[in-house]
Structures are given as structure tokens and as C-alpha cells.
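Side-chain atoms are counted along with the backbone in the values below, which use heavy atoms only and exclude waters and symmetry mates.
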Amino acid sequence: MNQNYQNHARLVTGFHKVLGPLLLLGFIGSLFNLYKSFGNDTLYSASLITLLFLSGIILFWYTRSFPLKAQDRAIRSEENFRFYLLTGKALPSDLSMGQIVALRFAPDEELPTLVEKAVSEKLDSKSIKQAIKNWKPDYYRV
């Protein structure tokens with residue numbers, strides 16, 4: 001399947017569509033259980049269950065955000081190097097991380113012009129991606 005703006009987002013079914021909702025539902029259920037246990041001898045175990053679900057949600061969040069931060073750093077370096085090879089200049093410091101990540105989908109022939117446009121018009125990442133004519137796929141994003 002060719003990657004493009006409409007299908008480039010990557011959702012992992014087991015992680016995003018199964019584990020995330022299960023943790024959320026379990027946390028809501030544990031809060032209900034905790035509320036119902038006030039005043040009886042199950043308060044301690046209900047508190048522990050709520051704490052476990054809260055810990056699971058925090059773990060779920062960081063399991064996704066830490067690799068993305070590391071990958072963003074790699075993308076910044078790769079795109080800065082690519083831009084330097086094409087133009088002899090470093091990427092403008094005005095570009096945000098989101099803009100740089102979006103620019104990775106631009107082919108070499110479109111990158112310099114799109115960088116100028118992104119800086120001068122302050123394009124957000126969605127607008128940058130939509131401005132790309134010949135999408136350069138990235139199948140390795142975490």
C-alpha cells in the first residue's frame with residue numbers, strides 16, 4: 001500500500017484500540033469500586049486496584065511518548081542533514097519539531113521550497129503534509 005496523507009498515521013490495533021480502552025474502562029470500574037467500598041473492609045483492596053489501573057495508564061502513556069521523543073530527535077538530525085546536503089545550509093531555527101517531522105514526507109525536490117514556505121507562512125504540520133505533491137513514505141515511524 002502506498003503511503004499518503006490520508007493513511008500515514010500508524011495505529012497499532014492491540015495497543016491503541018484494545019489496550020488503551022481496556023485500561024480506561026478498568027480505571028473507571030476501579031473508581032466505581034473504590035467509591036462503593038468506602039465505609040467497609042474492602043477499601044484497601046479497592047484502593048490498590050485503582051492504583052494499579054492508574055499506574056497502567058501512566059505506563060501506557062510513557063510507553064508511547066518516550067520512543068516518539070527519541071525518534072523525533074533522530075528525524076530532526078536526518079532532516080537537518082538532508083536539507084544541508086540539498087542547500088548547503090542548516091534547517092532554519094524557526095521550524096518547530098512538528099514542522100520538521102511533517103517535512104520528512106517531502107521528497108528532495110520539494111523540500112527546500114516547502115521549508116521556505118513553512119517558515120514564511122508559519123504552516124502547521126497538517127498544512128505542510130497537505131502541501132506535499134509527491135509523498136515520500138516513512139514506514140519506520142514508531
Side-chain angles (χ1 to χ4, degrees), residues 1-87 90-142:
M1 172 172 64
N2 286 338
Q3 194 180 74
N4 57 46
Y5 176 74
Q6 284 75 28
N7 68 6
H8 78 284
R10 183 161 185 204
L11 292 177
V12 178
T13 301
F15 186 79
H16 294 101
K17 296 180 181 178
V18 177
L19 181 60
L22 283 176
L23 283 171
L24 187 61
L25 288 172
F27 181 62
I28 291 168
S30 73
L31 288 174
F32 180 75
N33 183 41
L34 181 63
Y35 176 76
K36 289 292 209 179
S37 69
F38 277 105
N40 63 43
D41 58 350
T42 61
L43 181 61
Y44 179 73
S45 59
S47 299
L48 288 179
I49 292 169
T50 301
L51 182 63
L52 283 173
F53 272 104
L54 181 60
S55 299
I57 289 170
I58 292 169
L59 182 63
F60 178 83
W61 174 261
Y62 284 115
T63 299
R64 183 77 176 134
S65 67
F66 286 160
L68 286 179
K69 281 284 190 202
Q71 193 160 23
D72 286 350
R73 289 183 62 146
I75 289 169
R76 181 192 306 267
S77 294
E78 290 168 359
E79 293 308 309
N80 197 31
F81 183 61
R82 181 166 74 119
F83 188 75
Y84 180 80
L85 290 175
L86 294 170
T87 66
L91 277 173
S93 59
D94 305 19
L95 289 172
S96 70
M97 192 63 235
Q99 288 173 309
I100 295 170
V101 169
L103 286 165
R104 81 185 188 281
F105 295 111
D108 290 350
E109 56 275 4
E110 293 180 39
L111 184 65
T113 307
L114 199 50
V115 166
E116 287 178 30
K117 187 175 180 180
V119 170
S120 66
E121 298 179 21
K122 298 184 182 350
L123 298 177
D124 63 359
S125 60
K126 181 179 178 183
S127 300
I128 291 170
K129 291 176 189 176
Q130 290 173 331
I132 296 170
K133 294 175 183 68
N134 299 307
W135 193 271
K136 184 183 102 182
D138 179 2
Y139 296 109
Y140 300 106
R141 180 89 167 143
V142 174

Residue set satisfying side chain to side chain donor-acceptor pair (under 3.5 Å) with D94, at least two apart, ordered chain then number -> none

For D72, the side chain to side chain donor-acceptor pair (under 3.5 Å) test, sequence neighbours excluded, returns R141

Between atom [atom1] of [X] and atom [atom2] of [Y], what is the distance when rounded to the nearest 0.5 Å?
X    : Y    : atom1 : atom2 : answer
N33  : I28  : CG    : CD1   : 14.0 Å
I132 : L111 : CD1   : CG    : 9.0 Å
L19  : L24  : CG    : CG    : 11.0 Å
L51  : L34  : CG    : CG    : 10.5 Å
L48  : L52  : CG    : CG    : 6.5 Å
D138 : E78  : CG    : CD    : 8.0 Å

Residues 22-54 vs ring-ring contact (aromatic ring centres under 6.0 Å, His included), sequence neighbours excluded, gives none

Residue set satisfying ring-ring contact (aromatic ring centres under 6.0 Å, His included) with F60, at least two apart, ordered chain then number -> F15

Residue set satisfying ring-ring contact (aromatic ring centres under 6.0 Å, His included) with Y62, at least two apart, ordered chain then number -> F66

Listed by chain and number, what are the side chain to side chain contact (heavy atoms under 4.5 Å, CB included) partners of [X], not counting sequence neighbours?
X    : answer
T42  : S37, N40, S45
R73  : none
I100 : I75, R76, E79, L91, L95, M97
D124 : K126, S127

Closest non-hydrogen atoms of D108 and R82, given as atom of the first, atom of the second and distance, are OD1-NH1, 2.8 Å

Heavy-atom nearest pair, K136 first then P107, reads CB-N, 4.1 Å

List the atom pairs, with distances to 0.1 Å, where a side-chain N or O of residues 115-122 and a protein N or O form a donor-acceptor pair under 3.5 Å, not counting sequence neighbours.
from, atom 1, to, atom 2, distance (Å)
S120, OG, E116, O, 3.0
S120, OG, K117, O, 3.4

Check: Q99 side chain, I128 main-chain N or O, donor-acceptor pair, under 3.5 Å
no

